[in-house]
Amino acid sequence: MMFNSEKAIYQQMADRLCDEILAGTYKDDDRIPSVREYAVMLEVNTNTAVKAYDELSRANIIYNKRGLGYFVTKGARLHILKERKKSFIKEKLPELFRQMKLLGITIEEVNDIWRR
């Protein structure tokens, strides 16, 4: 995985796991890779993966079954969708609209592109 400098690595790892849940790679109550497996897969320190899993646990996206590993919380996909939509509307759209206004791009042009 290629990491960027905009966010901490553990947050990018958490985002990636959320992306995988959204994409259907992991569904409700599916087991996800162990902390160690995920760290090896993404070539990061195990402590970094622990932080990512802790963050996802606190957000109620995953849960731990002692001795068995981590699993996707029931309804996690809908929770992620709701939070991502809220974040997109609050953080990304204002800048997008600002750029559209500066460049003279109309919503109709965007609709045309979207439909193609």
Side-chain angles (χ1 to χ4, degrees):
M1 177 173 174
M2 296 293 295
F3 297 104
N4 63 52
S5 59
E6 293 177 22
K7 280 186 177 179
I9 291 174
Y10 78 92
Q11 290 172 322
Q12 293 176 64
M13 291 177 68
D15 287 347
R16 177 187 165 137
L17 199 48
C18 286
D19 289 348
E20 292 170 341
I21 292 169
L22 287 174
T25 304
Y26 304 111
K27 296 176 179 32
D28 289 354
D29 294 315
D30 278 357
R31 184 183 176 283
I32 61 172
S34 71
V35 170
R36 185 169 283 121
E37 290 169 339
Y38 212 53
V40 168
M41 186 185 334
L42 300 181
E43 299 176 346
V44 299
N45 185 292
T46 303
N47 292 331
T48 305
V50 167
K51 286 174 88 171
Y53 277 48
D54 284 347
E55 181 172 292
L56 293 171
S57 291
R58 280 192 305 277
N60 206 26
I61 302 297
I62 61 173
Y63 65 94
N64 188 6
K65 283 187 184 178
R66 181 171 261 171
L68 296 176
Y70 284 92
F71 296 80
V72 177
T73 302
K74 192 171 189 77
R77 185 177 186 282
L78 291 176
H79 177 72
I80 295 165
L81 272 173
K82 180 182 170 187
E83 292 302 312
R84 291 249 179 120
K85 282 181 183 181
K86 190 180 350 176
S87 175
F88 181 82
I89 289 168
K90 184 179 177 187
E91 298 169 14
K92 304 284 186 191
L93 277 183
E95 176 59 19
L96 176 68
F97 291 150
R98 187 181 81 76
Q99 289 293 324
M100 286 174 61
K101 188 174 184 174
L102 286 172
L103 299 171
I105 299 170
T106 66
I107 211 72
E108 290 77 20
E109 289 176 281
V110 173
N111 276 334
D112 289 344
I113 294 167
W114 176 262
R115 286 187 186 115
R116 284 189 235 156

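For clarity, every value in this text was computed on a predicted model and none was experimentally measured. When a residue number appears, it is its place in the shown sequence, counting from 1.
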Show every donor-acceptor pair shorter than 3.5 Å between a side-chain atom in residues 51-69 and any protein atom, with sequence neighbours excluded, or say none if there are none.
{"residue": "Tyr53", "atom": "OH", "partner": "Pro33", "partner atom": "O", "Å": "2.5"}
{"residue": "Ser57", "atom": "OG", "partner": "Tyr53", "partner atom": "O", "Å": "3.0"}
{"residue": "Tyr63", "atom": "OH", "partner": "Asp29", "partner atom": "OD1", "Å": "2.7"}

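- Residues Tyr10 and Tyr70 do not share a hydrophobic cluster, clusters being chains of Ile/Leu/Val/Met/Phe/Trp/Tyr side chains in contact below 4.5 Å.
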Taking only distance into account, with no hydrogens and no angle test, what donor-acceptor pairs under 3.5 Å do side-chain atoms of residues 86-99 form with protein atoms, sequence neighbours excluded?
{"residue": "Lys86", "atom": "NZ", "partner": "Glu83", "partner atom": "OE2", "Å": "3.4"}
{"residue": "Ser87", "atom": "OG", "partner": "Glu91", "partner atom": "OE1", "Å": "3.3"}
{"residue": "Glu95", "atom": "OE1", "partner": "Arg98", "partner atom": "NE", "Å": "2.9"}
{"residue": "Glu95", "atom": "OE2", "partner": "Arg98", "partner atom": "NH2", "Å": "3.2"}
{"residue": "Glu95", "atom": "OE2", "partner": "Gln99", "partner atom": "NE2", "Å": "3.0"}

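- Going from atom OG1 of Thr25 over to atom CD1 of Ile32 covers 12.0 Å, rounded to the nearest 0.5 Å.
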Give the table of side-chain donor-acceptor pairs shorter than 3.5 Å for residues 40-50, with sequence neighbours excluded, one pair per line with atom names and distance.
{"residue": "Asn45", "atom": "OD1", "partner": "Asn47", "partner atom": "N", "Å": "2.6"}

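- Shown here is Arg36, whose CZ atom has no more than 12 heavy atoms of other residues, nucleotides or ligands within 6.0 Å.
- With sequence neighbours excluded, no residue forms a ring-ring contact (aromatic ring centres under 6.0 Å, His included) with Tyr26.
- Counting heavy atoms from C-beta outward, Arg84 and Leu22 have side chains that approach closer than 4.5 Å.
- The CG atom of Leu81 lies 5.5 Å from the NZ atom of Lys85; values are rounded to the nearest 0.5 Å.
- The minimum heavy-atom distance between Lys7 and Gln12, with the atom names listed, is O-NE2, 2.7 Å.
- Other cluster members for Leu102: none, since no ILVMFWY side-chain heavy atom sits under 4.5 Å from it.
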Show me the donor-acceptor pairs within less than 3.5 Å that the side chains of residues 108-116 make with the rest of the protein, sequence neighbours left out.
{"residue": "Glu109", "atom": "OE1", "partner": "Thr106", "partner atom": "N", "Å": "2.8"}
{"residue": "Glu109", "atom": "OE1", "partner": "Thr106", "partner atom": "OG1", "Å": "3.3"}

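- Criterion: ILVMFWY side-chain heavy atoms under 4.5 Å apart, direct or through other members. Under it, Val35 and Ile21 are part of a common hydrophobic cluster.
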